[in-house]
Enquirer: 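Below you'll find the structure I mean.
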Amino acid sequence: MQREELITQRSLTQRTIISLVVFLLFIGGCIIGWKWLQSSPKDQGALQPLRNGLSRNESVFLSMFNMNKLTATYPVSMAAANVRVNGKYGIKSAFDSASWRLHIITSDTTELQLTLDDLKKLPKTEIVFDFKCIEGWSQVSHWGGVKFSDLINRYGLQKLMQRQFTGLETPDKEYYVGIDNKSMMHPQTLLAYELNGQPLPMNNGYPLRLIIPVKYGVKHLKRIGTIFFSDARPADFWYEQGYDYYCGL
Ligand SMILES: Nc1nc2c(c(=O)[nH]1)N[C@H]1C(S)=C(S)[C@@H](COP(=O)(O)O)O[C@H]1N2
Ligand SMILES: [Mo]
């Protein structure tokens with residue numbers, strides 16, 4: 001009896017020591033891992049190993065992207081009457097609606113310049129969907145405008161869309177996003193000029209904004225000035241601050 005108790009006592013001590021060593025190794029590993037992460041260079045605002053993770057996610061998401069998979073839509077009656085305003089980069093400066101044009105860069109030396117009336121001549125598409133911001137809120141809202149793919153087809157820009165990305169910028173170039181062209185050609189992607197059946201309010205992107213339900217809110221650029229196409233990733237405001245480039249839903 002006494003002997004057994006002694007053995008148990010000894011193995012207990014051994015186990016305690018082993019647990020302690022494992023625990024210390026684990027903590028040591030965490031500290032080394034954390035230091036390694038902190039000492040790694042930054043890539044577009046994100047530490048390199050984290051950025052690599054984001055890039056891997058992006059290629060997986062892009063390869064799984066289905067053009068025909070539609071984002072859920074809702075009846076108009078469920079749309080918010082007072083749509084939240086979030087993010088005012090590029091829409092703070094004074095705006096002259098008479099001189100506004102949508103500039104679509106078609107080559108190094110040519111561009112299309114479209115007025116709002118030109119866009120309104122194309123078929124109007126409406127959508128009511130759950131608008132999601134990366135900060136954690138979402139809101140069902142009702143938008144109207146022209147399908148981006150309709151615009152591309154109407155103006156014969158299909159060849160430019162074979163490039164990988166579309167870049168969009170506000171007229172003052174203060175806010176800018178880059179988006180993969182599969183997402184741009186998705187049937188629910190709109191250049192919107194209406195919110196709740198009315199012209200866009202100034203703070204929601206008057207006169208024209210992007211509505212792209214397959215992406216988080218950051219990509220829905222308000223007040224589009226210029227659109228261009230490129231195989232290299234266009235500059236992207238929040239990507240430069242360390243966010244994901246793809247921002248897919
Ligand atoms: N020009 C411009 N567009 C922008 C932003 C911005 O700061 N400037 N913020 C984005 C973000 S983060 C979100 S969530 C949505 C918000 O759109 P809303 O203000 O119409 O709700 O706009 C996006 N488009
Ligand atoms: Mo957002």
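Note that ligands are numbered from 1 as they come in the structure, with each ligand's atoms numbered from 1 the same way.
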Enquirer: With a 4.0 Å heavy-atom cut-off, what residues sit around ligand 1?
Expert: Arg84, Val85, Asn86, Gly87, Lys88, Tyr89, Ile91, Phe131, Cys133, Trp137, Thr170, Tyr175, Asn204, Arg209, Gly217, Val218, His220, Leu221, Lys222
Enquirer: Rounded to the nearest 0.5 Å, what separation is found between the CZ atom of Phe229 and the OG atom of Ser107?
Expert: 12.0 Å
Enquirer: List in chain and number order the residues that pass salt bridge (charged side-chain N to carboxylate O under 4.0 Å, His left out) with Lys120, two or more places apart in sequence or in another chain; answer none if no residue qualifies.
Expert: none
Enquirer: Could you tell me which residues satisfy side chain to side chain contact (heavy atoms under 4.5 Å, CB included) with Gln113, sequence neighbours excluded, listed by chain and number?
Expert: Arg101, His103, Glu111
Enquirer: Excluding sequence neighbours, so at least two apart, what forms side chain to side chain donor-acceptor pair (under 3.5 Å) with His220?
Expert: none
Enquirer: For the residue pair Tyr239 and Tyr245, does the interplanar ring angle fall in the parallel (under 30°), tilted (30 to 60°) or perpendicular (over 60°) class?
Expert: perpendicular
Enquirer: Rounded to the nearest 0.5 Å, what separation is found between the CZ atom of Phe131 and the OG1 atom of Thr71?
Expert: 12.5 Å
